[in-house]
Amino acid sequence: MSLRAIFAKKLVTPQGNGPVRGKEMNAIRVLENVYVVFDEKIRDITKDAPGVNVLAQVELLTPGFVDCHTHIPFYGFRDREFVMRSQGKSYVEILKSGGGIHSTVSKVREATVEELVKFNLPFLKEMAKRGVTCVEGKSGYGLEIESELKQLKALEELQKVAPISISTTFLGAHAVPKGRDPMEYLQELESNLDRVKEHTDVVDIFVDEGAYSVEHARWFLTKAKEKGFRIRLHADEIKRTGAALLGVELGAVSVDHLLKITGSDIKAIASSQTAAVMMPATSFYLSESYAPARALIDSGAIVALGSDFNPGSNTINDPSLVMHLAVSKLKMTPEETLTAFTLNSAYVLGVAQQVGSIEPGKIADMVAWKVPTLEAIPYLPAHDIVDFTVKNGEMLKL
Ligand code: NIG
Ligand code: FE
C-alpha cells in the first residue's frame, strides 16, 4: 500500500499502549493542522507532507472506536419484550419466565452459520459507518456446546466479509439452559474448552440473579484460567453478587456492567489491572440506574466503554450516543470517554499495542468527523457526523 495522508484541522487521541487509569484518562493529545501519514500503519504526524497523496482535509480526526462488548452474532429481534418492559415487566421476570435470552437462544439454535452471517453483517457495516473499527462479539445464544461453537464459527465467517476487526469471546455461560442443572452444564462446557480454544482464548460468564452464582463462576473461571484463557465477567448488573470482586481476585481482564457495585468493590477494582467496562446504553435502554463511573475514575480505575449491543437489553450501537450517555449520565469528561472507548477498550481486547490511538507504528484505524471538536461528538448523538472511517489505512466506502 502506498503512503497517503489526511490533513486534520484537529487531531485528538490518547497516547501510548495503555491501559490509562483514573484522571490520566484526560491526558489526551490535541494537535492542530497536521498531516497524518500512513499506509496500513500510521507512519508520521507532521506539519508538512511533501509528495504524499493527500486523501482528504477533515475537521477532526480521532482513533477508530473499539467496542469491547457486544453480543454479535444474534438472530432475530425481541421487540415485543421491549414493549412489555415499557409496560411494567422487568428484564429478570421476562428471563425467568423463559423469554429474554432464551427466546434468542431458540432462534440461534435453528439458524445456520450462513444465516447468522447474513443477519449480522449489516450491523457491522452500520457500526463501521459510525466510526467503530474493532468490535468484540461473543457466543452465548446457543446454550449447548454445538450451537455455541456455531456462533464462534459465524464470527470467523463474519471476519472474512466485515469491514472491521472482530475479537471473539466464549460466553457459553450466558444463562442456565432451560431445564438443566447449572453445575452440570458448566461441567459440560469445561470439558469442551479445548474445542473452544480453537476459536478464542477469552471466556466470559454472566454472574447475576437468574444466571450463575459467584461459586459457579469461581469454579468455571478457575478451570478456564488453568487452560490459558483470559477471563471476563458480566458482573453486578442486576444485583450486587460480589462478581466484580471475584473478577479482581482471579485477575480478570475486565468486569463489565457494574451497576450495583459498592465502595469496597470500587476500591478493589481501582487498585487492580482489571478494567471496568461501562455500558451506559444498556442502563438507558432498560431504564435502569447507571454504573458509578465517576467514583471508579476518581479512585484510579481503568475504565473502558462498550455498547453491549444485543437484541434484548440494548439495541443501541452508535458510539456518539454511547458517548453522549457517558458524558451526561456517567459524568465522564469527553476526554475520558475518548480514552475509554479507544485505548482502554483496546486494552480489554488485548490489542492496545496495535490500535486505540493515532501514533506512528499503530494500525491506521481512524475516524474523520464533519464536526470540529471532540465535545461535538457526544453533543450530537446519533447525527450523521462521521465524514468517513479509515480501517487498516483504507477509506471505507459504506
Ligand atoms: O449484557 N446481561 C446479560 N446479557 C446481556 C443481555 C443479553 C440479552 O438480553 O439477550 C447484557 O445485557
Ligand atoms: Fe453483555
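Remember, it's 1-based here, ligands and their atoms both numbered in the order they're listed. Values below: all heavy atoms of this structure, side chains included; hydrogens, waters and symmetry mates excluded. Given the structure is predicted, the values throughout are model-derived calculations rather than measurements.
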Carboxylate-amine/guanidinium proximity below 4.0 Å for [X] and [Y]:
{"X": "Lys227", "Y": "Glu190", "answer": "no"}
{"X": "Lys153", "Y": "Glu146", "answer": "no"}
{"X": "Glu249", "Y": "Arg218", "answer": "yes"}

For the residue pair [X] and [Y], categorise the inter-ring angle as parallel (less than 30°), tilted (30 to 60°) or perpendicular (more than 60°).
{"X": "Tyr212", "Y": "His216", "answer": "perpendicular"}
{"X": "His71", "Y": "His69", "answer": "tilted"}
{"X": "Trp369", "Y": "Phe65", "answer": "perpendicular"}

Distance filter under 2.8 Å, centred on the Fe ion (ligand 2) - protein N, O or S atoms that pass it: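 The answer is His69 NE2, His71 NE2, His234 NE2, Asp308 OD1.
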Check: Phe74 ring centroid to Phe309 ring centroid under 6.0 Å: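 Under 6.0 Å, so yes.
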Validation row, ring centre Tyr185 to ring centre Phe220 under 6.0 Å: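 No, the ring centres sit 6.0 Å or more apart.
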Thr282 N/O to ligand 1 N/O under 3.5 Å: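 In fact, backbone or side chain, Thr282 has no N or O that close.
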Distance-only N or O hit between ligand 1 and Thr104, under 3.5 Å: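 The answer is no, given that Thr104 and ligand 1 share no N or O pair closer than 3.5 Å.
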Does a side chain donor of either [X] or [Y] reach within less than 3.5 Å of an acceptor in the other side chain?
{"X": "Thr333", "Y": "Asn26", "value": "yes"}
{"X": "Glu148", "Y": "Ser139", "value": "yes"}
{"X": "His234", "Y": "Asp208", "value": "no"}

Options Phe309, Phe206, Tyr141, ranked by nearest heavy atom to atom 7 (C) of ligand 1, top entry: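 Looking at heavy atoms only, Tyr141 sits closest to atom 7 (C) of ligand 1.
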Provide, to 0.1 Å, the distance between [atom] and the closest protein heavy atom, together with that atom's residue and name.
{"atom": "atom 6 (C) of ligand 1", "answer": "Tyr91 OH, 3.1 Å"}
{"atom": "atom 12 (O) of ligand 1", "answer": "Ser313 OG, 2.6 Å"}
{"atom": "atom 2 (N) of ligand 1", "answer": "Glu237 OE1, 2.8 Å"}

Ile101 neighbourhood, listing ligand 1 atoms whose heavy-atom distance to it stays under 4.0 Å: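 Numbered from 1, ligand 1 contributes 7 (C), 8 (C), 9 (O), 10 (O).
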Sub-4.0 Å heavy-atom approach of His174 to ligand 1: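 Checking ligand 1 against His174, which is what was asked, there is a heavy-atom contact under 4.0 Å.
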Close approach, Asp308 and ligand 1, non-hydrogen under 4.0 angstrom: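 So Asp308 counts as touching ligand 1.
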Residue part near ligand 1, for Met279, under 4.0 Å between non-hydrogen atoms: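 Met279 to ligand 1: no contact under 4.0 Å from either part.
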